[in-house]
2 protein chains.
Amino acid sequence: MQAIERFADFLSRNRLKMTRERRVILDQVLGTRGHFDVDQLLAGFRRAGHPVSRATLYRNLPRLIEAGIIHKLEMAHGQARYELMVGRHHHDHLICTDCGLILEFESHDVERIQDEVCRRRGFVMTGHTHQIRGHCAACAGRRRRRRG
Amino acid sequence: MQAIERFADFLSRNRLKMTRERRVILDQVLGTRGHFDVDQLLAGFRRAGHPVSRATLYRNLPRLIEAGIIHKLEMAHGQARYELMVGRHHHDHLICTDCGLILEFESHDVERIQDEVCRRRGFVMTGHTHQIRGHCAACAGRRRRRRG
DNA sequence: TCCTAGTTGCAACTCAGTCTCAATTATGAC
DNA sequence: GTCATAATTGAGACTGAGTTGCAACTAGGA
Ligand SMILES: [Zn+2]
Ligand SMILES: [Zn+2]
Ligand SMILES: [Zn+2]
Ligand SMILES: [Zn+2]
């Protein structure tokens, strides 16, 4: 896997150690699809018989982000989610506030407009968050039926 | 002021009472410019000699939002900010992660693209968050000078 | 005026995330 | 392989934003 080398590389470049816990975390992350949270990872560690403490997980998530392996999604009410980014490119999210479904979207035009907005203000962008909240097709349908 | 009537209206439509505390909160909100936080409001209450408890403020901010008087900005690390929305239209934000400066931007094109993305997925948008993080012109300049 | 549902302050609580610290371990030098 | 050392770990205490239960209070309609 490319992610493992990438992480090993990142660690050695920063004089950090490849510990059992870091391997376990990386494995779990690579084996989890979609937009997952800390509790899902912790449950995964237990299921796999390789427990890792909450503190250690929290200490290492930023490292995985710096290494470009995962991306953090800061959602409302402090519910953070993460997603694998190796081999993927940037995208933004549609979040259903009824069922929690997270869809992805991508728009070159929006990215271009953002760059232009920044350029005009002399603002140096280091990142952005673009989330659309609402009701997914299924939930919207359910609501329509209920309300008439 | 239009905001006072609007709030009074919202309250009576929902069988809620216009209390001294609600008047104080609304006054403080109307008298605060920019993107303010809960502690700024609490300090304002004290300064004005009209204290309102933290609990009461937290209980009423959602009411002001529902009434369309203020808007909540959910920023990273759980630092919520609010801004007056009466007589203004929707906009999004550029946030300097060095000095905390918050700039505003507005793009019809981005809004149009969002609508299009939602339409294509049968997604019913109820709101969105679009934040650009980075370094404002002043901070970017300072950094350039420092690094050479 | 009286009644009652809505409101308040306080303090206890929740929840995500961070920090401290003693014990452990990866890694590089010899 | 052995050693030295700096990095890392888990446990649990802690933090800070926000919420909640509750008894006392109050706006506003009958
Ligand atoms: Zn849904
Ligand atoms: Zn995604
Ligand atoms: Zn700045
Ligand atoms: Zn604004």
[X] [atom1] to [N] [atom2], straight-line distance once rounded to whole Å:
X	N	atom1	atom2	result
B/Asn14	C/dT7	CG	P	10 Å
A/Leu57	D/dG12	CG	C1'	17 Å
B/Leu42	D/dG18	CG	P	11 Å
B/Arg54	C/dT8	CZ	P	16 Å
A/Tyr82	C/dA16	OH	C1'	10 Å
A/Asp37	C/dA16	CG	P	9 Å
A/Tyr58	D/dT8	OH	P	20 Å
A/Lys17	D/dT5	NZ	P	13 Å

* Out of A/Val38, A/Leu64, A/Val29, which one pairs with A/Tyr82 under the side-chain contact (heavy atoms from CB on, under 4.5 Å) rule? -> A/Val38
* **Short N-O contact, A/Arg13 and A/Asp9, less than 4.0 angstrom** => yes
Any [X] side-chain N or O less than 4.0 Å from OP1/OP2 of [N]:
X	N	result
B/Asn60	C/dT8	yes
B/Arg22	C/dT7	yes
A/Thr19	D/dT9	yes

* Taking atom types as modelled, is there a side-chain donor on B/His35 or B/Glu104 under 3.5 Å from an acceptor on the other? ->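 B/Glu104 and B/His35 do have a side-chain donor-acceptor pair below 3.5 Å.
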* Could you say whether B/Met18 or A/Ala55 is positioned toward the 5' end of DNA chain D, judged by the nucleotide with the nearest heavy atom to each? =>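 It is A/Ala55, whose closest nucleotide lies nearer the 5' terminus.
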* Asked: B/Asn60 side chain to B/Arg63 main-chain N or O, any donor-acceptor pair under 3.5 Å?
  ->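 Side chain of B/Asn60 to backbone of B/Arg63: no pair is present.
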